[in-house]
6 protein chains.
Amino acid sequence: MLSVHDFIKEALSEDVGTGDITTLSTIPASAAASGKFIAKEDGIICGLEVCRDVFLYVDPAVLFEINYDDGVQVNKGDVIAVVSGNARSLLTAERTALNILQHMSGIATRTRAAVEAVKGTKAKIVDTRKTTPCMRVLEKYAVKCGGGSNHRFNLADGVLIKDNHIVASGSITAAVENARKNAPHTLKIEVEVENFEMLDEALRVGADIIMLDNMSVEDMKKAVIIVGGRSITEASGNMGDKDLYEVASTGVDLISIGALTHSVRAMDISLKFKVK
Amino acid sequence: MLSVHDFIKEALSEDVGTGDITTLSTIPASAAASGKFIAKEDGIICGLEVCRDVFLYVDPAVLFEINYDDGVQVNKGDVIAVVSGNARSLLTAERTALNILQHMSGIATRTRAAVEAVKGTKAKIVDTRKTTPCMRVLEKYAVKCGGGSNHRFNLADGVLIKDNHIVASGSITAAVENARKNAPHTLKIEVEVENFEMLDEALRVGADIIMLDNMSVEDMKKAVIIVGGRSITEASGNMGDKDLYEVASTGVDLISIGALTHSVRAMDISLKFKVK
Amino acid sequence: MLSVHDFIKEALSEDVGTGDITTLSTIPASAAASGKFIAKEDGIICGLEVCRDVFLYVDPAVLFEINYDDGVQVNKGDVIAVVSGNARSLLTAERTALNILQHMSGIATRTRAAVEAVKGTKAKIVDTRKTTPCMRVLEKYAVKCGGGSNHRFNLADGVLIKDNHIVASGSITAAVENARKNAPHTLKIEVEVENFEMLDEALRVGADIIMLDNMSVEDMKKAVIIVGGRSITEASGNMGDKDLYEVASTGVDLISIGALTHSVRAMDISLKFKVK
Amino acid sequence: MLSVHDFIKEALSEDVGTGDITTLSTIPASAAASGKFIAKEDGIICGLEVCRDVFLYVDPAVLFEINYDDGVQVNKGDVIAVVSGNARSLLTAERTALNILQHMSGIATRTRAAVEAVKGTKAKIVDTRKTTPCMRVLEKYAVKCGGGSNHRFNLADGVLIKDNHIVASGSITAAVENARKNAPHTLKIEVEVENFEMLDEALRVGADIIMLDNMSVEDMKKAVIIVGGRSITEASGNMGDKDLYEVASTGVDLISIGALTHSVRAMDISLKFKVK
Amino acid sequence: MLSVHDFIKEALSEDVGTGDITTLSTIPASAAASGKFIAKEDGIICGLEVCRDVFLYVDPAVLFEINYDDGVQVNKGDVIAVVSGNARSLLTAERTALNILQHMSGIATRTRAAVEAVKGTKAKIVDTRKTTPCMRVLEKYAVKCGGGSNHRFNLADGVLIKDNHIVASGSITAAVENARKNAPHTLKIEVEVENFEMLDEALRVGADIIMLDNMSVEDMKKAVIIVGGRSITEASGNMGDKDLYEVASTGVDLISIGALTHSVRAMDISLKFKVK
Amino acid sequence: MLSVHDFIKEALSEDVGTGDITTLSTIPASAAASGKFIAKEDGIICGLEVCRDVFLYVDPAVLFEINYDDGVQVNKGDVIAVVSGNARSLLTAERTALNILQHMSGIATRTRAAVEAVKGTKAKIVDTRKTTPCMRVLEKYAVKCGGGSNHRFNLADGVLIKDNHIVASGSITAAVENARKNAPHTLKIEVEVENFEMLDEALRVGADIIMLDNMSVEDMKKAVIIVGGRSITEASGNMGDKDLYEVASTGVDLISIGALTHSVRAMDISLKFKVK
């Protein structure tokens with residue numbers, strides 16, 4: 001897996017290619033500049049340290065002042081950060097830095113909206129593995145900054161028996177029993193169920209967590225009552241398009257939303273150089 | 001820059017981590033399975049070869065049949081592809097493959113809508129460098145599959161003098177003259193202008209392409225008349241939120257839309273195993 | 001983290017350097033050879049597929065026949081595998097392949113001995129993170145082949161609050177409560193305790209697993225009674241030097257042994273070419 | 001081949017995975033801590049700079065004071081080094097740092113014992129290529145710290161004609177003559193012999209170094225007399241289990257011991273945080 | 001593509017291998033030294049910053065004073081730079097640093113000669129893609145330092161339809177029309193022609209640049225007249241062996257010379273340590 | 001160090017960048033083609049397998065027939081190899097493959113000339129470490145194909161005490177004695193001498209090899225007599241510009257020529273597609 005440092009390296013390499021021809025051919029090597037990152041709309045800012053590290057990767061002598069902590073609400077017109085240093089360095093790093101910052105802020109903003117939507121209920125908003133390839137560390141961090149919680153990071157740090165596992169292993173019972181025998185004892189076992197029959201089987205075999213997948217609100221309500229606290233309950237299935245308060249009101253412990261990370265709307269942020 | 005092969009490697013490494021515990025602990029090593037990729041909504045499918053390569057990276061013995069060419073419209077319920085082979089391999093590759101396929105198809109779908117919107121005009125829809133870090137090759141390919149055209153790939157293969165370059169180099173004239181002198185003769189020179197004064201300067205200094213940035217439709221119409229075919233014209237600036245037909249009707253040659261790639265809505269596609 | 005494929009690449013690069021001068025200067029390019037892997041002592045064989053992959057990395061045309069499954073007992077004199085192909089390829093891959101095979105078989109052999117020692121009790125033998133850097137995947141696999149079970153793989157897939165965490169966070173209670181709030185809900189929480197006071201606190205705060213660290217057998221016996229099934233219990237602390245049956249007889253669920261992987265004695269195996 | 005820097009990177013990546021969940025969820029980001037590395041048994045300490053570099057890789061602001069030079073004898077209870085800085089950084093680096101330090105110190109300790117065993121003779125203790133994959137630089141350094149000498153590093157920097165080379169090339173004479181013709185003139189030529197006939201052939205063809213493989217002490221004594229200073233002599237073959245003084249007394253120049261690096265017993269060292 | 005930083009890393013790794021044995025075994029770890037880079041012949045110096053970075057990669061504490069800017073003429077006996085610091089570091093970096101410096105200076109020197117040869121004409125000297133693999137960034141920089149201009153960097157940042165493309169696509173017309181339709185609008189289109197028929201076709205289809213390949217001076221003269229300023233003209237084909245002034249006198253805009261980078265003569269430069 | 005496989009990967013990545021725009025935009029995906037590699041001048045061909053591997057890296061389905069073994073003389077007009085397959089693949093790989101093939105053949109050709117020049121003497125032509133960074137394996141192979149021999153590969157596999165080592169260590173005697181004590185016993189010790197005083201010292205301290213650096217032919221003759229067979233002798237110092245037969249006639253064992261690899265003239269070879 002790419003470290004964040006290597007992700008920045010690859011992202012810059014992708015955008016700069018064999019050299020920033022426009023900048024190299026138009027800006028003197030010794031020119032200095034400074035610019036402001038300005039919010040062009042309201043949102044939850046997230047990713048400022050990564051953004052800074054993009055500039056520092058290009059040129060360790062760049063100065064980058066951060067005006068807001070990640071996870072804080074900014075409003076249209078706010079100066080989020082100020083960057084200064086060699087003009088070529090700033091111009092070369094600009095787009096890569098913004099691409100990351102706008103993406104992460106977009107996730108934090110959407111997550112915050114979901115968290116606000118379930119206020120007053122006990123439901124936590126959690127993410128999924130439906131993330132942008134190579135950006136999971138940053139995206140899960142953005143979910144936390146938005147006020148959400150993280151589900152398992154990858155296939156190694158959680159047991160989640162889904163529809164296709166059940167088909168391939170024969171039954172929920174077989175799958176759970178094998179997981180309990182073969183997986184490290186440090187992991188809880190989660191089972192995805194689509195109806196009450198599956199729910200009963202999952203409860204009988206002692207699943208630690210039960211995912212209620214694509215159930216109606218009515219059915220989820222019943223399911224939570226049936227579970228009766230014996231397992232953690234998680235609502236799932238196109239939650240990005242649902243009325244989250246209604247879902248939360250069923251009493252589920254968790255609502256997992258793939259759209260937080262698979263359908264991101266970048267937050268509008270720009271970098272404006274100051275005329276010297 | 002990551003090759004597509006290395007991108008798949010890193011994406012899988014990120015999602016699989018130290019091993020797919022659920023699958024390894026619940027599915028026998030010798031179990032076989034097969035599944036169908038099903039469109040859960042209408043859209044333009046894109047990325048099927050990359051999707052296949054994810055499975056082949058995990059297990060070269062997997063069979064993957066593609067039912068549609070990239071760039072083709074599929075409808076809800078269509079079986080896009082069929083995959084079969086070792087059950088563990090299929091389960092381990094599933095999420096990474098879907099994450100890429102859904103993302104690329106989302107881009108192709110949105111691009112197609114934009115292309116349809118300007119039908120009957122001469123305007124081409126083009127992408128930008130506002131792409132997801134490490135996915136630019138795949139995203140620009142998806143734009144092409146959607147019917148759009150590609151702008152420059154990175155900072156090395158096009159000269160585009162933007163606002164901050166103009167600030168840092170002093171004037172449009174200085175910037176263009178330096179670019180003409182120092183950049184390879186194989187590249188055209190594009191200038192971003194925000195008003196008619198800048199437009200005049202760009203035309204006087206002989207810019208090959210002129211980007212009309214954040215202009216009203218009214219002003220764009222005037223600008224196109226002023227340019228009078230001496231340069232290629234490109235409309236730009238939050239084009240994702242504009243009435244594209246109206247913009248195209250100004251007579252611009254190109255409309256560049258950052259949102260095609262910075263604000264992607266994943267197309268809904270699922271993989272369903274068949275019960276044997 | 002290095003994949004097994006990359007580990008083989010790096011290991012060969014380390015051993016071959018800029019070329020196997022002895023082989024290149026003394027053996028004709030077209031010479032063929034074959035050789036037998038022979039057990040020079042009794043033990044549990046492990047790592048034959050990795051061993052084969054080392055040869056295949058050097059030369060995909062090498063034939064490698066495996067005579068025993070990983071995890072099987074072999075005796076002095078047994079022919080474990082037979083390799084044949086280009087003589088230069090075999091000679092160049094030999095040492096790297098043997099280094100890995102002997103190391104993994106050493107671990108499997110020692111693990112099997114530990115598993116045999118606790119036969120008749122309910123205790124499982126588990127490994128630790130005291131592994132050889134860059135070999136954890138292979139070493140944890142060898143532990144499984146020896147009949148042991150795996151503890152968490154790394155710092156991301158298990159919560160284990162140890163002495164230094166307790167010092168740094170203030171108390172067991174604070175640490176567990178914070179872990180429950182901040183860590184993914186899919187992970188169990190384990191606490192290391194050194195005395196009965198700590199044990200009481202860990203139980204009160206609801207630890208899922210309790211590690212009894214460096215306790216006397218007498219104290220472990222009492223601890224297991226106090227726990228009374230409310231948590232999983234794990235014996236730990238220089239278990240490599242202890243009477244494992246005695247430890248297991250205290251009723252603990254798990255015995256974790258760092259020495260399985262930090263103090264490996266290579267199993268004696270050699271490769272003998274046949275005179276043609 | 002991995003540089004030491006890249007080895008540290010990979011080792012940490014293996015152990016930390018996608019993040020040290022326990023530490024991140026239980027320790028405040030701003031907490032400071034300090035701890036002592038304490039010898040839990042007597043031994044030769046080795047690897048303190050690498051150990052320090054692990055901490056610095058995680059966090060360049062960590063302070064690491066080294067109390068002993070590599071290669072020095074420490075006793076049970078000695079404080080070998082003191083580390084201080086951000087508590088999260090220390091906890092995250094701890095295990096990887098210790099794994100390397102304990103392994104290298106184990107090698108130095110065993111090597112020192114072998115060197116002591118042959119004191120008073122002219123024999124030097126040398127290592128082999130039976131090292132842990134990806135750790136050869138560190139392991140050969142540890143052998144030097146223990147007082148041993150290094151044999152060739154890899155297949156490129158020495159000509160050593162072993163049993164399988166002789167089988168594949170036809171004869172000792174053919175092999176040596178080809179090596180002399182084809183290998184760089186800067187390398188000496190060593191031949192492995194198992195009996196007096198082979199010894200005679202190796203001497204006749206002018207081998208620079210002769211390895212006496214798996215000979216009895218009696219035979220080695222005779223062999224040394226036969227060689228009579230014409231070649232360097234090296235005793236080899238399970239030397240880890242032999243009476244080294246007896247072997248050295250035969251008059252051989254070198255004793256090479258694979259077990260120095262293939263069967264390492266980690267030295268017991270722990271890191272204890274101080275309660276603030 | 002290797003970054004310059006990674007190129008230095010790989011070059012040092014290649015030359016240093018597992019350690020600079022001569023230096024480590026003969027020079028004390030604490031010895032200091034200083035040395036002068038001396039021109040052993042006249043030439044255009046180029047690559048001093050890369051040369052310095054090689055030393056800094058080995059040891060960040062080395063001091064490296066540069067006496068001349070890249071692209072400046074130096075004469076036999078001039079002290080180009082002075083390096084000082086740890087003696088081991090200097091000795092280990094010396095050869096790799098010189099190999100790069102001498103190669104780049106050789107290119108700059110030859111380019112300068114070509115530029116001088118066409119003085120008084122309008123022709124620019126340009127490079128090609130016939131560069132040393134993995135050194136293109138450095139070689140194209142050396143061409144610029146010598147006074148030349150750069151042609152496209154790679155296959156992605158220029159459209160150049162050569163003989164084999166014409167064969168494979170059917171005709172110049174087909175190739176140019178397809179390029180105009182499918183390639184990014186930011187790139188000019190160049191066509192290689194070998195005779196007047198091809199020249200006519202290239203002009204008719206509107207090629208932006210026309211490469212006159214392997215034409216006689218007489219024919220080039222005619223071709224330039226035929227083109228009449230409608231396209232940029234480029235002379236090509238073993239230009240390294242031609243009378244460049246004569247070629248330039250035909251009126252071509254560009255002369256591209258593969259030999260600038262494919263047949264480099266290293267400039268003679270040495271590093272001499274001062275006796276302390 | 002880059003493996004040859006990784007060198008090919010990096011070289012292609014450098015030349016192809018983000019895609020071969022010309023080929024992709026002008027040649028149909030399904031077009032087939034074939035072409036001949038033709039010698040445009042006489043020379044020693046070298047590197048055909050690497051050349052083939054470049055094509056196979058781009059497209060494993062390409063067919064590449066080799067007509068001559070590496071090291072064989074080819075004449076102007078000879079068809080060296082024939083390649084066929086997908087037209088896009090051939091066009092994309094062409095330049096990188098030729099750059100390597102022409103460079104290696106240039107080295108083999110020049111080496112052969114040097115070997116021919118000393119025919120009838122006992123002197124061997126050897127290479128140096130003055131190679132092109134990242135190409136040493138290929139360049140040393142080309143020297144062998146040309147009939148030369150290899151000197152040490154890198155700083156790890158030979159002890160060569162040069163002028164700057166002598167300055168830094170104090171004296172030839174000190175340097176040699178330390179090398180004998182600290183370097184692996186498998187390496188010979190070479191000393192560079194510039195005059196008879198140094199020669200005497202090197203002989204007294206028992207150097208295995210003596211490099212006569214920048215001596216006149218007269219002095220070399222005397223030096224060889226003084227050495228009298230006690231050491232191997234190597235002539236060195238701008239040997240690329242010397243009368244090699246005269247140098248060889250002094251009786252030296254080796255003549256090392258940096259120019260073989262630092263001042264390469266590419267052999268002229270082209271790839272011509274056949275019109276179908």
Side-chain angles (χ1 to χ4, degrees), chain E residues 1-2 7 10-11 13-27 31 33 35 87 91-92 94-96 99-100 102-103 129-136 153-157 159-161 163-165 167-169 175 178-179 182-184 187 262-266 271 273 275, chain F residues 1-2 7 10-11 13-27 31 33 35 87 91-92 94-96 99-100 102-103 129-136 153-157 159-161 163-165 167-169 175 178-179 182-184 187 262-266 271 273 275:
Chain E
M1 196 185 78
L2 292 177
F7 175 73
E10 295 299 339
S13 155
E14 179 184 68
D15 191 44
V16 179
T18 57
D20 179 354
I21 289 290
T22 309
T23 296
L24 292 171
S25 66
T26 66
I27 313 292
L91 287 160
T92 298
E94 172 183 354
R95 185 73 264 141
T96 299
N99 283 353
I100 297 173
Q102 294 181 244
H103 186 82
R129 283 171 41 245
K130 297 180 180 177
T131 56
T132 309
C134 298
M135 293 195 74
R136 192 170 286 170
F153 188 90
N154 59 27
L155 292 168
D157 57 6
V159 174
L160 173 37
I161 297 165
D163 54 349
N164 288 338
H165 293 96
V167 170
S169 68
N178 280 316
N182 298 318
L187 301 176
H262 74 49
S263 293
V264 180
R265 185 185 157 285
L271 173 62
F273 273 31
V275 183
Chain F
M1 197 183 79
L2 292 177
F7 175 74
E10 295 298 341
S13 156
E14 178 184 69
D15 191 44
V16 179
T18 57
D20 179 354
I21 288 289
T22 309
T23 296
L24 292 171
S25 66
T26 65
I27 313 291
L91 286 160
T92 299
E94 173 183 354
R95 185 73 263 142
T96 299
N99 283 351
I100 297 173
Q102 295 181 244
H103 185 82
R129 284 170 41 244
K130 296 179 179 179
T131 56
T132 309
C134 296
M135 295 195 73
R136 194 170 284 170
F153 189 89
N154 58 29
L155 291 169
D157 58 6
V159 173
L160 173 36
I161 297 164
D163 52 349
N164 288 337
H165 294 96
V167 169
S169 67
N178 280 317
N182 297 318
L187 302 176
H262 73 50
S263 293
V264 179
R265 186 185 157 285
L271 173 62
F273 273 31
V275 183

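The chains referred to below are lettered A, B, ... by the order of the sequence lines, with proteins before strands, and numbering in each begins at 1.
The most heavy-atom pairs under 4.5 Å with chain F, out of E:G35, E:A175, E:A183, E:C134, come from E:C134. Comparing F:T131, F:I100, F:T96 by how many heavy-atom pairs each has under 4.5 Å with chain E, the most go to F:T131. Heavy-atom pairs under 4.5 Å with chain E were tallied for F:N164, F:N182, F:N178; the largest tally goes to F:N164. When the candidates F:R95, F:E10, F:M1 are compared by the number of heavy-atom contacts under 4.5 Å with chain E, F:R95 comes out ahead. Most heavy-atom pairs under 4.5 Å with chain F, from the set E:A11, E:A266, E:P184: that is E:A266. Ranked by non-hydrogen atom pairs under 4.5 Å with chain E, the options F:D163, F:V159, F:L271 are led by F:V159. For the set F:M135, F:H103, F:R129, F:E94, the count of heavy-atom pairs under 4.5 angstrom toward chain E peaks at F:R129. Heavy-atom pairs under 4.5 Å with chain F were tallied for E:A87, E:S25, E:P133; the largest tally goes to E:S25. Of the listed residues (E:T18, E:L2, E:D157), the greatest number of heavy-atom pairs within a distance under 4.5 Å of chain F belongs to E:L2. With respect to chain F, the highest number of heavy-atom pairs below 4.5 Å among E:A156, E:A179, E:S13 belongs to E:A156.
Using a 4.5 Å cut-off between heavy atoms, E:V16 touches chain F through backbone and side chain atoms alike. There is no contact between E:Q102 and chain F, counting heavy-atom distances below 4.5 Å. Of the two parts of E:L24, neither the backbone nor the side chain holds a non-hydrogen atom closer than 4.5 Å to a non-hydrogen atom of chain F. Both the backbone and the side chain of E:D15 come within contact range of chain F, with heavy atoms under 4.5 Å apart.
Residues F:T22 and E:I161 form a side-chain contact, since some pair of their non-hydrogen atoms from C-beta on lies under 4.5 Å apart.
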